[in-house]
Each structure stands twice: as structure tokens, then as C-alpha cells.
Amino acid sequence: MRRKDPELLPSLLKDPSTRILELVAGRVNVVELDRDLALLLRSPGAQDASRLAVFLGQDGDGTAYVGVVGDSPGPLETSQWRTLREVGALLSDRDAGLFATMQGLANWHGSHTHCPQCGAGTEPDQSGWIRRCLQDESEHYPRTDPAVIMAVTDDADRLLLARSPHWPEGRLSVLAGFVEPGESLEAAVAREVLEEVGVVVDQVRYLGNQPWPFPSSLMVGFTSRAVDPTLHPDMEEIVEAVWVTRGELREMVRAGRFGVSPTVSIARRIIERWYGQPIDQRIQ
Ligand SMILES: [Zn+2]
């Protein structure tokens, strides 16, 4: 694999055709193209040679993409420097993928500066895809933590929506949670729903997935059906839980009492799949 070539990054950082994605304090530079947003990529500069850099991949035409972590020059012009949460859903698949990969790797590098085995310092290797211990040379790889996110419907085809305590009043979404060691994805869906709202589910079916590098998750989406619709929110992770019909959701959106997360697009996809059509993004 090209990542293992120690000369790959140094040579790409000297090649003006290399496209650089610069991440500064969790933000990247974006530009508006027609009505869409795109990453503003640039050629390598002299300053990039001393920065944390990762090889993000290569197009069919040979264009190579490298991510670098830049230093914050001060307050960033926030209309152009945007976070993945803000723009992830507005970028093309390629750009969202580059941003999510860069964000995930940067998070990982930032929190794995020391060896978990001996405590010595580590340094990046293999074009930014591993860290190596300076003392015992052990290799450490970035991890991805699976999380499940699920639609729960009842026999009347109502959708379960719920609110976390740190969300503002009126913001509701589908349930989600991390997969525990030794657990299947389907078992995680059933456990999370039971723990958070006291509902037993069956018919757990896979729907789709989305990388979510905050800090390093893969959100795996499911549908499921409640065996009994009686709700008992745990009042810790979930402080409000309701069953809604499509008509009730429409009214909530109209009255401005419901905002689907604009960036966790899998949550939106799950809700819209049940709803049967897109929910107007202007109403947040
Ligand atoms: Zn070590």
C-alpha cells in the first residue's frame, strides 16, 4: 500500500498538483459553488512540511489529497471556515468523505500522543495512518467506535421521538447509543431502546450508515418495532419521549416546534424515510 512508503507524504507536499485540505481548530475553508458548498483545497506550501499531515487518498485521474492540521491564526472568518457539523450535509460525497476522514484522523492523533503500553511518546507513521511508539516501536491504529441510531415505530405506525437533556426544548430526534463490547448491532438497538424509554422492540432491520468522527464513530441506522408502546423515559439520557403520527409531525414542523438535526444526515434520512418525503430544511 502506498501509505507505507515513507517518501509518499514528503513528495506529495512538494508537488503543486497535490490538493491540500487544511484543518484549523476543527474547521476547513469552504466555498459556495452555485447553490452548493465545496471544500476550498489548495497547493502545498512550505509551512505544510512541518505540520501533522495525512494522506487522504487519490482520484482516478491521479490527483492526490493530503490533509494538514494548521495553526489557528486567530479568530477565523466563520462564514468560510466551517465545522463538519455545520456543512457535512451540504458537501458532495467526496468532500464530506475527505472532511470526515481528516477530522477523524486529526482527533485520533491529538488524543494518542503517548503509548498505551509504556507511556512513552508516539509519532505519526505510514502517511498519518498509524502512530509508532518511540520507545518500544509498537504500532497503534485509529479506531472506529460503532454506534446505533434507530427508528422505533408502533403498531399504528407512529414514530418515537425523544429529547436528550442537553438539547433545547422542542428539539427531538430518534434514539441512538454506543455499541458495548461483545454486543451485536441488533442487540445494541434493543438494549438502548429498553434502557432509554423502557420499550421492548423486535423486527430490528439494517437501514444504512454514516461516519461521524466526533470523536470516532460510525453511526449504523436501523428500523425496529415496539412490542408495547408504553413509554418510560429514563429521565437521565432521555427527558422527553413521544409517539407522533405523520400529521402531528407536519404540524410540529409548521409551528416551528420541531427541528431535525441538519448535519447528522442519517437521523434526517431515518425520519424522512418514515415520513415519506423530505422535511423542509428551512424550518429549523
Ligand atoms: Zn511504548
Side-chain angles (χ1 to χ4, degrees), residues 1-15 18-28 39 41-42 44-58 64-73 76 81 83-85 88 96-149 176-185 187-188 191-192 209-220:
M1 198 190 275
R2 292 187 70 204
R3 288 175 191 171
K4 290 194 175 172
D5 176 1
E7 286 309 308
L8 176 64
L9 278 179
S11 66
L12 288 177
L13 288 173
K14 287 182 199 133
D15 182 345
T18 299
R19 300 287 81 201
I20 298 287
L21 173 63
E22 183 171 345
L23 182 76
V24 179
R27 295 176 181 274
V28 300
L39 297 177
L41 304 169
R42 59 168 174 81
Q47 72 278 18
D48 295 326
S50 59
R51 290 171 159 172
L52 174 64
V54 301
F55 176 57
L56 296 175
Q58 193 164 6
Y65 300 89
V66 172
V68 298
V69 176
D71 324 301
S72 177
L76 297 167
W81 287 87
T83 66
L84 184 61
R85 288 174 195 274
L98 286 172
F99 195 170
T101 302
M102 183 57 197
Q103 181 73 65
L105 283 170
N107 290 347
W108 176 72
H109 280 290
S111 58
H112 290 77
T113 53
H114 289 79
C115 175
Q117 290 169 22
C118 76
T122 58
E123 65 177 0
D125 198 356
Q126 296 189 10
S127 308
W129 286 83
I130 74 163
R131 291 187 76 89
R132 191 182 304 279
C133 175
L134 294 164
Q135 190 66 41
D136 59 27
E137 298 194 339
S138 58
E139 295 180 349
H140 304 281
Y141 293 80
R143 344 180 333 174
T144 297
D145 301 318
V148 289
I149 179 165
F178 283 103
V179 179
E180 294 187 338
E183 197 172 46
S184 71
L185 296 169
R191 177 185 49 76
E192 284 288 342
N209 68 88
Q210 178 190 11
W212 188 242
F214 297 104
S216 54
S217 293
L218 177 69
M219 309 272 285
V220 188

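For ligands, and for the atoms within them, numbers begin at 1 and follow the listed sequence. Start at 1 with the first residue, then count along the sequence.
The N, O or S atom of Asp136 lying closest to the Zn ion (ligand 1) is OD2.
The SG atom of Cys133, the Zn ion (ligand 1) and the SG atom of Cys115 define an angle of 110° (nearest 10 degrees).
One finds no salt bridge joining Asp125 and Lys4 here, because no Lys/Arg side-chain nitrogen approaches an Asp/Glu carboxylate oxygen to under 4.0 Å.
Counted by atom type alone, Asp145 and Ser216 present one or more donor-acceptor pairs between their side chains at under 3.5 Å.
Applying salt bridge (Lys or Arg N to Asp or Glu O under 4.0 Å) to Arg132 and the options Glu123, Glu139, Glu137 leaves one that passes, Glu139. For the salt bridge (Lys or Arg N to Asp or Glu O under 4.0 Å) criterion with Asp48, the lone passing option out of Lys14, Arg42, Arg19 is Arg42.
Taking backbone and side-chain atoms together, Glu137 has no N/O/S atom less than 2.8 Å away from the Zn ion (ligand 1).
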